[in-house]
Q: 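Following this message is one structure expressed as structure tokens.
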Amino acid sequence: MDRIPEHVSIIMDGNGRWAAERGRERTFGHQEGAKSVRAVIEGCIREGVKYLSLYAFSEENWNRPQQEVSFLMDLMAREVADEMEEMLENRIRFRVLGNRGRLDPVLNAAITNLEEATAGNDRLTLILFLSYSGKWDILQAVKRLAAAKSPEEIEAMQIGDFDSWLVTAGIPDPDLIIRTSGELRISNYLLWQGAYSEFYFTDVCWPDFRMEQLHQALEEYARRDRRYGKVK
Ligand code: FPP
């Protein structure tokens with residue numbers, strides 16, 4: 001393909017509705033959604049995408065029924081434990097960004113372990129946003145910045161200087177943000193980092209979003225004309 005985005009980010013939505021349409025529990029949708037995660041990772045490696053980030057669990061998702069939250073956390077823990085070898089084989093670097101203090105300590109330790117084991121990999125960086133929200137990210141950045149810098153230093157800051165205080169420090173902004181399941185919202189995702197992202201919305205629910213659907217999104221991206229507010 002002509003123009004491959006360096007960073008693809010996905011709001012994986014519609015697992016629950018997909019399951020309900022089939023008369024199944026919401027959790028069945030999440031399980032099938034995990035298969036889409038694997039397919040999309042493989043697709044990104046094939047297409048030459050360097051960063052794939054996934055909105056796996058938002059700060060707001062903590063308000064779901066306890067049983068669903070536990071199921072999702074167990075699913076993440078299982079995936080993290082199971083995928084270690086595959087990530088090493090495929091030279092995938094794994095990162096988890098978000099309010100990590102809210103995660104279960106056992107899950108957090110498993111994540112740190114996988115992050116450390118894959119830190120030297122560079123074929124694809126896979127980022128899971130867990131317990132993340134864009135407003136939370138901006139606020140944590142402001143708090144750390146205010147504690148570390150003098151008012152004069154803050155006054156002298158340029159817009160680009162703020163990037164390194166966000167949890168995504170060092171990661172390029174997403175070129176393409178995909179949202180599945182027909183919802184047309186940003187839902188408190190990468191509010192700062194997505195300032196100039198291209199958006200791709202599809203009616204397909206996340207469990208049905210596989211390699212072919214990814215390819216279609218990338219084709220659409222290649223046709224977009226990114227001007228960043230300038231004229232050609
Ligand atoms: C959105 O569907 C999905 C989530 C909130 C969870 C995303 C989790 C997975 C895809 C599971 C596996 C993840 C990894 C990283 C292994 P929804 O529940 O909001 O669906 P609805 O809008 O139809 O209710």
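Just so you know, ligand 1 is whichever comes first in the structure, and atom 1 is the first atom listed for that ligand.
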Q: Taking side chain to side chain donor-acceptor pair (under 3.5 Å) as the test, write out the residues that go with R100, two or more places apart.
A: N108, T112, E115
Q: My understanding is that only residues two or more places apart in sequence, or in another chain, count here; which of them pass side chain to side chain contact (heavy atoms under 4.5 Å, CB included) with E183?
A: D13, R17, R179, S181, R185
Q: Check ligand 1 for N or O atoms under 3.5 Å from a protein N or O and list each pair with its distance.
A:
unit_1: ligand 1; atom_1: 2 (O); unit_2: G14; atom_2: N; d: 3.3
unit_1: ligand 1; atom_1: 2 (O); unit_2: N15; atom_2: N; d: 3.2
unit_1: ligand 1; atom_1: 18 (O); unit_2: R26; atom_2: NH2; d: 2.9
unit_1: ligand 1; atom_1: 18 (O); unit_2: R64; atom_2: NH1; d: 2.8
unit_1: ligand 1; atom_1: 19 (O); unit_2: D13; atom_2: OD1; d: 3.2
unit_1: ligand 1; atom_1: 19 (O); unit_2: R64; atom_2: NH2; d: 2.8
unit_1: ligand 1; atom_1: 20 (O); unit_2: G14; atom_2: N; d: 3.4
unit_1: ligand 1; atom_1: 20 (O); unit_2: N15; atom_2: N; d: 3.1
unit_1: ligand 1; atom_1: 20 (O); unit_2: G16; atom_2: N; d: 3.0
unit_1: ligand 1; atom_1: 22 (O); unit_2: D13; atom_2: OD1; d: 3.0
unit_1: ligand 1; atom_1: 22 (O); unit_2: R17; atom_2: NE; d: 3.4
unit_1: ligand 1; atom_1: 22 (O); unit_2: R17; atom_2: NH2; d: 2.8
unit_1: ligand 1; atom_1: 23 (O); unit_2: G16; atom_2: N; d: 3.3
unit_1: ligand 1; atom_1: 23 (O); unit_2: R17; atom_2: N; d: 2.7
unit_1: ligand 1; atom_1: 23 (O); unit_2: R17; atom_2: NE; d: 2.8
unit_1: ligand 1; atom_1: 24 (O); unit_2: R26; atom_2: NH1; d: 2.9
unit_1: ligand 1; atom_1: 24 (O); unit_2: R26; atom_2: NH2; d: 3.0

Q: Taking 4.0 angstrom as the limit, do K50 and E6 come out as a salt bridge?
A: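 Here K50 does not pair with E6 in a salt bridge, since their nearest N and O are not under 4.0 Å apart.
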Q: Taking R38 first and then E86, would you say they form a salt bridge - that is, a charged N and a carboxylate O separated by under 4.0 Å?
A: no
Q: Flag the pair K135 and D137 as a salt bridge only when some basic side-chain nitrogen lies within less than 4.0 angstrom of an acidic carboxylate oxygen.
A: no
Q: Checking D122 now: which residues fulfil side chain to side chain donor-acceptor pair (under 3.5 Å) with it, not counting sequence neighbours?
A: R91
